[in-house]
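These notes are about the structure you will find just below.
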Amino acid sequence: MSRIWFVVWAIIIWQVAAWAFAPEPKARQAAPMDGPGYGTNEKYSVDGRARQRESAIATLERPYGARCTGEGRQRFISGLDEYYYQRQNQMERYPETFGKPGADYIAKQWTTGEDLRIDRLTQEAYAQGYLALADLNNVARKMVEAVVRNERVTGNACAG
């Protein structure tokens with residue numbers, strides 16, 4: 001009887017060791033895509049991007065005095081955070097989902113005149129000290145870091 005238990009335990013230990021030290025399976029490479037770069041629900045995303053732009057512009061057009069304290073500060077940061085979160089998220093997800101056509105498509109979608117205006121106003125807010133990268137969530141921060149990369153902070157608007 002003890003030999004049977006010994007054999008059973010040896011098999012169990014061998015199975016656990018084989019499982020624990022087995023190499024990770026190789027990830028399959030995504031097949032190149034030849035589609036339009038977006039899915040069937042894109043019309044909703046287009047509308048969403050338009051609303052995001054409107055909201056971000058409204059946020060950046062609010063009085064400067066409301067950017068530094070209380071609810072005004074919260075709205076200012078939240079408005080920019082939401083816009084840049086959505087933009088960065090789509091810039092990452094479309095290429096993952098739709099390959100190069102998705103990357104090309106979404107890059108074009110987020111470079112409208114309004115997007116360039118939002119970027120410029122964000123650069124100004126950053127340079128004047130109304131916005132710090134630490135104010136934003138990690139996803140939005142990635143995009144804003146790229147937008148303000150060449151900006152120098154020349155003001156200290158919200159210090160004090």
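Met91 and Leu116 end up in different hydrophobic clusters when Ile, Leu, Val, Met, Phe, Trp and Tyr side chains are linked at under 4.5 Å. Hydrophobic clustering (ILVMFWY, side-chain heavy atoms < 4.5 Å, transitive): Leu131 and Tyr85 are in distinct clusters.
Across Ile77 and Leu136, no two heavy atoms sit closer than the pair O-CD2, 4.3 Å. Closest approach of Glu92 to Glu96, counting heavy atoms only: O-CG, 3.3 Å. Residues Gly37 and Tyr94 approach most closely at O-CD2, 3.4 Å, considering heavy atoms. Scanning both residues, Ala157 and Cys68, for their nearest heavy atoms gives O-SG, 3.6 Å. Residues Asn138 and Arg141 share a closest heavy-atom pair of OD1-NH1, 2.8 Å.
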**Request:** Test Thr122 against Tyr84 for side-chain hydrogen bond (donor to acceptor under 3.5 Å, both in side chains), laying out the working first.
**Result:** CA-CA 10 Å; Thr122 299; Tyr84 283 110; 2.9 Å; yes
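For the salt bridge (charged side-chain N to carboxylate O under 4.0 Å, His left out) condition, the pairs that include at least one residue of residues 47-59, sequence neighbours left out, are Glu42-Arg49, Arg53-Asp115. Screening residues 132-159 for ring-ring contact (aromatic ring centres under 6.0 Å, His included), with sequence neighbours left out, gives no hits. Screening residues 123-137 for salt bridge (charged side-chain N to carboxylate O under 4.0 Å, His left out) gives Arg73-Asp135, Arg120-Glu124 as the qualifying pairs, with residues at least two apart or on separate chains.
Interatomic distance, Arg93 CZ to Ser45 OG, rounded to the nearest 0.5 Å: 13.5 Å. Rounded to the nearest 0.5 angstrom, Arg87 CZ and Lys142 NZ are separated by 14.5 Å.
Proximity of a side-chain donor or acceptor of Asn41 to a complementary backbone N or O of Tyr44 within less than 3.5 Å is not detected. When atom types are taken as modelled, the side chain of Gln123 and the backbone of Val147 share a donor-acceptor pair closer than 3.5 angstrom.
Taking Asp104 as the reference, Lys100 meet the side-chain contact (heavy atoms from CB on, under 4.5 Å) condition, with sequence neighbours excluded. Here Phe76 pairs with nothing under the ring pair (Phe, Tyr, Trp, His ring centres under 6.0 Å) rule; sequence neighbours left out.
Using a 4.0 Å cut-off between a side-chain N of Lys or Arg and a carboxylate O of Asp or Glu, Arg149 and Glu145 do not qualify as a salt bridge.
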Taking distance alone, no hydrogens or angles, what donor-acceptor pairs closer than 3.5 Å link side-chain atoms of residues 57-66 to residues at least two apart or in another chain?
residue	atom	partner	partner atom	Å
Thr59	OG1	Ser55	O	2.9
Glu61	OE2	Arg117	NH2	2.5

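A ring-centre distance under 6.0 Å is found for Trp110 and Tyr83.
With contacts defined as side-chain heavy-atom distances shorter than 4.5 Å, the pair Tyr126/Leu133 qualifies.
Using modelled atom types, one finds no donor on one side chain facing an acceptor on the other under 3.5 Å when comparing Tyr130 with Asn156.
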